[in-house]
Amino acid sequence: MLRTVNRVLLGLAGFVLLVAGGSVLAVGLGASPPSWWVHDGRRDVLFSAADRTRWRDEGWFWPTVIAVLALLVLLALWWLSAQLRRRRLAELLVETGDGEGALLRGRALEDVLAGEAGTLDGVERARATLRGRRTAPRTRVDLAVSPESTPADALHRFSAEVLPRARESAGLASLPATVRLRGVRHRAERVS
């Protein structure tokens, strides 16, 4: 979701900056803009003195400007904090017994969890995400179960077969998991 928001925001910001900067550059180089354009010629400014002072005496103008700017700052801070926050665990510290330990890529364990969960009876698709700390990871697994299967059976088999095997192979004392089950959409069957 965040990746999509980033792409949309960057695309919109790039488009607005390209159009605004390109128009100012074109008019500055001597191109004649359309009659409805914001500025008319090389010596014209973007906002005239009359435009800048037109709403000064209105009581609603400055509170609205301040509120919009404050909202923009809050949105920018939210976006920045979302970028800095790591959602996925990049690597795990696996105890090897020699006191050194080894690093296991988080994506590798996610792929193994999702692959093995996807082979369970009744599971159409599976996706796993690791979170937490390197020494104490936790996982979130999304299982899409088929309409013919029993969700309780799929959950039981995942927690009894797949999760302990992943925990033991990574040498972890515990691997807490949050499992979200969803049904796969299907068309209704006709009964005749």
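Worth knowing before you read on, the calculation uses all heavy atoms, side chains too, and leaves out hydrogens, waters and symmetry mates.
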Handout entry: For Ala126 against Gly118, the heavy-atom pair lying closest together
Key = CB-N, 3.9 Å
Handout entry: Smallest separation among heavy atoms of Ser146 and Ser149, with atom names
Key = O-OG, 2.9 Å
Fill in the blank from the handout: Sorted by chain and number, sequence neighbours left out, side-chain hydrogen bond (donor to acceptor under 3.5 Å, both in side chains) with Arg127 holds for Asp142
Problem - Residues that Arg133 engages under side-chain hydrogen bond (donor to acceptor under 3.5 Å, both in side chains), provided they are two or more places apart - result: none
Handout entry: For Leu120, side-chain contact (heavy atoms from CB on, under 4.5 Å) partners two or more places apart
Key = Val123, Arg157, Phe158, Glu161, Val162
Practice task
Side-chain contact test, heavy atoms from C-beta onward, threshold under 4.5 Å: evaluate it for Leu163 versus Arg167 and give yes or no.
Solution key: no
Handout entry: Any residue meeting salt bridge (Lys or Arg N to Asp or Glu O under 4.0 Å) with Arg107, in chain and number order, not counting sequence neighbours
Key = none
Handout entry: Nearest heavy atoms of Leu89 and Pro137, plus distance in Å
Key = CD2-CB, 3.6 Å
Show me, pair by pair, the donor-acceptor contacts under 3.5 angstrom made by side chains of residues 21-30, not counting sequence neighbours?
unit_1, atom_1, unit_2, atom_2, d
Ser23, OG, Val19, O, 3.2
Ser23, OG, Ala20, O, 2.9

Handout entry: Side-chain hydrophobic cluster, 4.5 Å single linkage: members besides Val8
Key = Leu12
Handout entry: Contacts of Glu124 that satisfy salt bridge (Lys or Arg N to Asp or Glu O under 4.0 Å) - sequence neighbours left out
Key = none
Completion exercise
Closest non-hydrogen atoms of Leu130 and Gly106, given as atom of the first, atom of the second and distance, are CD1-O, 3.5 Å
Practice task
With sequence neighbours excluded, tell me which residues meet side-chain contact (heavy atoms from CB on, under 4.5 Å) with Val65.
Solution key: Phe61, Trp62, Leu69
Handout entry: Spatial distance of atom CG (Leu71) from atom CD1 (Ile66) [nearest 0.5 Å]
Key = 13.5 Å
Problem - Approximate separation, where rounding is to 0.5 Å, of Leu175 CG and Leu113 CG - result: 6.5 Å
Completion exercise
Ala166 and Leu109 have their tightest heavy-atom pair at CB-CD1, 4.2 Å
Handout entry: Atom pair CZ/OG1 of Arg131 and Thr139 - distance to nearest 0.5 Å
Key = 9.0 Å
Fill in the blank from the handout: Residues at least two apart in sequence or cross-chain that pass side-chain hydrogen bond (donor to acceptor under 3.5 Å, both in side chains) with Glu110, listed by chain then number, are none
Exercise for the section: Would you please name every residue forming a side-chain contact (heavy atoms from CB on, under 4.5 Å) with Leu155, sequence neighbours left out? Expected result: Val179, Leu181
Problem - Cluster check Leu72, Leu77: I/L/V/M/F/W/Y, side chain < 4.5 angstrom - result: no
Practice task
Would you please name every residue forming a side-chain hydrogen bond (donor to acceptor under 3.5 Å, both in side chains) with Arg105, sequence neighbours left out?
Solution key: none
Problem - For Ser159, all residues meeting side-chain contact (heavy atoms from CB on, under 4.5 Å), sequence neighbours excluded - result: none
